[in-house]
Amino acid sequence: MAKNIQAIRGMHDLLPDQSPRWQFLEARVRDVLARYGYEEVRMPIVEFTDLFKRSIGEVTDIVEKEMYTFEDRNGDSLTLRPEGTAGCVRAALEHGLLHNQTQRLWYQGPMFRHERPQKGRYRQFHQIGVETFGMPGPDIDAELILMTARLWQELGIEGLELQLNTLGSPEERAIYRDELVKYFSAHKEHLDEDSQRRLGSNPLRILDTKNPGMAEVVAGAPTLDAYLGDESRKHFQTICSVLDEAGVAYVINPRLVRGLDYYSRTVFEWVTDLLGAQGTVCAGGRFDGLVTQLGGRDTPAVGFAMGIERLVAVLEELDRIRLPTRAHAYLVLVGENAQRAGLTIAEQLRGELPGLRLLCHCGGGSFKSQFKKADRSGAEIALILGEDELASASIGIKYLRKESEQVNLPINELASFLAEFLQKKTED
Ligand code: ATP
Ligand code: MG
């Protein structure tokens, strides 16, 4: 027999035992975003490779070694998106959304990076991302962070740490960059191969290394705050004071730099200690330079992206959510006539009771085998229709999760019986 084809390493199926957590998370996030006035955009999953090279930057882990790039049949170089910001800016520019206006946009979907798969790190993973455009001040940075804090609250996630830093303006960063190059050049023997290469191209990236062997040399590096000008300092302080007033705790982490080239000023991450090494569940910041980098007019921008797999893992770890019932009732149908009549009865019930989750047995079989399926479905009630019930226009009712005898009801009382059952459930 031929060997079964399996999913690609690092790319996972989402199965029914997990999907309720994803749906819970997605629904809550969507709700909170709407409450802050965010509007959804959906971009293609594939873009021209150049879009990512120009936005993320050639000297990055993503562009250097993580992209799924291929030539299509026309000979164009295309890439499965490794993140959503580039495509979002491309779409906003292409459709004139950035012209003399502010925007609050969000997107969600799969991203692709050829990384080493491990817990919390996959080759296909999912993000919900938010991007705002046209707002230069610290107010929007602060609002964004407050919104993420509200998100965790609505999701029942406690214990995340907010880390905050500022990367200053491009001019301030240029001075700092020179200082960093001086420092790291003096400690070159402690740098790994990647970092030695980055010393020439983008030394800030070295601070972002995941190599534990370099922790010490990174810890000794100069920090940017000494090079901040008044405006950058004020921008950052305003954000901090809004967070203070709102009671959102944070730690300033002067070594927090984002892996991507286009950030300026504010950067932040929400980190959990529940998931081991892959602790960042949400990361974002200001990227005022990106829109011009992609050919648009100077447009301030701030955003963030959340890793859905990691947030779902946190939800699972905390075990807070009550997973929804798959089925309230299971309609057992024995005999050909009952099977046919059952489909019609089920349709009527669903029409009358929109809150009802009703599984109607399909595929025939004995009472016994159907009851087994009813039990496995998680339903609380079995509704039983056989030839006898059909003949007497009644329906059998048996509770599956508690000791009880089967009772019979006239079929025309079934809808009000189930309505009452649902009513009681919502009161519980
Ligand atoms: P990391 O430092 O963990 O590699 P990153 O800086 O590359 O993250 P971003 O590009 O900022 O990540 O993406 C935002 C969020 O998306 C991350 O904080 C994380 O939650 C999630 N994420 C990034 N890469 C992966 C991945 N390979 N698998 C699962 N989630 C990921
Ligand atoms: Mg990464």
Side-chain angles (χ1 to χ4, degrees), residues 8-12 14 18 22 25 29 52 55-57 59-68 79-89 106-131 144-145 148 151-152 155 157 160-165 167 194 198 202 204-212 214-215 218 253 255-263 266-287 290 301-317:
I8 296 165
R9 195 163 113 84
M11 305 202 180
H12 295 284
L14 178 64
Q18 278 294 334
W22 284 63
L25 182 120
V29 173
F52 302 113
S55 60
I56 299 170
V59 197
T60 54
D61 278 350
I62 292 182
V63 172
E64 277 177 336
K65 47 191 184 197
E66 294 175 0
M67 295 205 303
Y68 282 89
T79 293
L80 297 184
R81 61 181 184 194
E83 50 97 57
T85 303
C88 184
V89 172
W106 72 277
Y107 57 82
Q108 79 177 108
M111 307 293 162
F112 303 84
R113 298 182 194 178
H114 197 274
E115 305 196 66
R116 192 169 68 78
Q118 52 198 291
K119 189 179 174 212
R121 193 174 292 287
Y122 311 101
R123 290 183 172 169
Q124 173 174 321
F125 62 98
H126 297 76
Q127 289 183 336
I128 296 179
V130 159
E131 319 289 2
L144 265 187
I145 298 174
T148 54
L151 264 174
W152 316 142
L155 289 168
I157 294 179
L160 298 184
E161 180 180 86
L162 172 60
Q163 299 189 359
L164 208 55
N165 192 22
L167 300 178
D194 271 351
R198 281 175 189 166
N202 193 343
L204 253 80
R205 283 274 151 57
I206 301 176
L207 300 174
D208 201 21
T209 179
K210 301 220 162 50
N211 180 351
M214 284 177 46
V218 166
N253 174 0
R255 310 213 181 271
L256 182 66
V257 294
R258 304 283 310 122
L260 309 183
D261 245 346
Y262 47 63
Y263 283 95
T266 320
V267 283
F268 67 93
E269 288 193 0
W270 286 94
V271 184
T272 173
D273 54 12
L274 291 172
L275 304 180
Q278 269 53 251
T280 303
V281 294
C282 173
R286 181 165 276 282
F287 49 99
L290 181 60
V302 211
F304 65 80
M306 301 178 261
I308 305 309
E309 281 81 358
R310 293 185 194 176
L311 282 168
V312 167
V314 170
L315 282 175
E316 207 175 343
E317 226 23 74

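Note that ligands are numbered from 1 as they come in the structure, with each ligand's atoms numbered from 1 the same way.
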Judged by heavy atoms only, the candidate from Gly285, Gly120, Gly279 nearest atom 29 (C) of ligand 1 is Gly120
Could you name the option among Glu83, Arg113, Gln127 that has the heavy atom nearest to atom 10 (O) of ligand 1? Arg113
State the atoms of ligand 1, each with its element, that fall below the 4.0 Å cut-off from a heavy-atom position in [X].
{"X": "Val281", "result": "20 (O)"}
{"X": "Ala305", "result": "14 (C), 15 (C)"}
{"X": "Thr280", "result": "17 (C), 18 (O), 19 (C), 20 (O)"}

CZ (Arg116) and CZ (Arg123) are apart, to the nearest 0.5 Å, by 10.0 Å
Between CD of Gln18 and NE2 of His12, what distance do you get to the nearest 0.5 Å? 11.5 Å
Could you work out, with side chain to side chain donor-acceptor pair (under 3.5 Å) as the rule, every residue matching Lys119, not counting sequence neighbours?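 With neighbours one apart ignored, the set is empty.
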Who pairs with Gln127 by side chain to side chain donor-acceptor pair (under 3.5 Å), at least two apart in sequence or on another chain?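 Listed in chain order: nothing, the list is empty.
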Can you tell me if Asn165 uses its side chain to pair, donor with acceptor, with the backbone of Leu256 under 3.5 Å?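 Yes, because the side chain of Asn165 sits within donor-acceptor range (under 3.5 Å) of the backbone of Leu256.
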Measuring from non-hydrogen atoms of Glu115 to any atom of ligand 1, is the shortest distance under 4.0 Å? yes
